[in-house]
S.K.: 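Sharing a structure, written as structure tokens. Questions coming.
Only heavy atoms go into these numbers, but all of them, side chains included; no hydrogens, no water, no symmetry mates.
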Amino acid sequence: MPGLTGYAQVSGRNSISWDEKFRDDVWYVDHISFLLDVKVILKTIAVVFGRRGVNSDTSVTMEVFTGNNGEAK
């Protein structure tokens with residue numbers, strides 16, 4: 001279920017591409033466990049207080065998601 005944080009958010013947040021976010025989300029689903037959830041929660045605290053990944057390389061926030069132009073990846 002969706003929540004306040006996730007593996008993609010603690011792995012780069014706005015500083016990674018949409019493809020990387022989707023890859024990280026799929027990896028999380030394939031490796032889901034209680035211990036992984038605990039690691040994500042702890043890493044969330046570190047990322048928030050460290051203010052990492054707030055800005056992308058090309059804009060102040062995340063680039064707009066434009067889809068994959070109908071291509072399956």
Side-chain angles (χ1 to χ4, degrees):
M1 291 189 50
L4 296 174
T5 189
Y7 188 74
Q9 286 73 27
V10 299
S11 298
R13 206 164 155 189
N14 291 340
S15 64
I16 61 175
S17 70
W18 282 103
D19 285 338
E20 291 170 302
K21 286 182 181 190
F22 294 141
R23 183 200 65 222
D24 287 346
D25 284 340
V26 170
W27 184 91
Y28 172 80
V29 169
D30 289 343
H31 295 87
I32 195 165
S33 70
F34 176 75
L35 183 57
L36 181 56
D37 285 345
V38 170
K39 289 179 182 179
V40 168
I41 291 168
L42 293 175
K43 200 168 180 184
T44 297
I45 294 167
V47 167
V48 168
F49 285 109
R51 302 183 74 200
R52 291 187 305 242
V54 176
N55 299 330
S56 74
D57 291 336
T58 58
S59 67
V60 176
T61 59
M62 185 66 201
E63 286 80 18
V64 174
F65 179 68
T66 59
N68 60 5
N69 298 323
E71 299 173 18
K73 292 187 178 185

S.K.: Contact between Tyr28 and Asp37 at the side-chain level, heavy atoms closer than 4.5 Å - yes or no?
M.R.: yes

S.K.: Measure the shortest side-chain to side-chain distance between Asp25 and Val29 over non-hydrogen atoms and say whether it is less than 4.5 angstrom.
M.R.: no

S.K.: So which atom in Leu36 and which in His31 form the shortest heavy-atom distance, rounded to 0.1 Å?
M.R.: CD2-O, 3.4 Å

S.K.: Could you measure the distance from the CZ atom of Arg23 to the OG atom of Ser11? Nearest 0.5 Å is fine.
M.R.: 8.5 Å

S.K.: Between Ile32 and Val40, is there a shared hydrophobic cluster once you connect ILVMFWY residues whose side-chain heavy atoms come closer than 4.5 Å?
M.R.: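 In one cluster with Ile32: Val40, yes.
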
S.K.: At what distance, to the nearest 0.5 angstrom, does CG of Asp19 lie from OG of Ser17?
M.R.: 5.0 Å

S.K.: Are side-chain heavy atoms of Val47 and Thr5 found at a separation under 4.5 Å?
M.R.: no

S.K.: How long is the straight-line distance from NZ of Lys39 back to OH of Tyr7, given to the nearest 0.5 Å?
M.R.: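 Between atom OH of Tyr7 and atom NZ of Lys39 there are 9.5 Å.
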
S.K.: Give the ring-plane orientation class for Phe22 versus Trp18, where under 30° counts as parallel, over 60° as perpendicular and anything between as tilted.
M.R.: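 It falls in the tilted class, 30° to 60°.
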
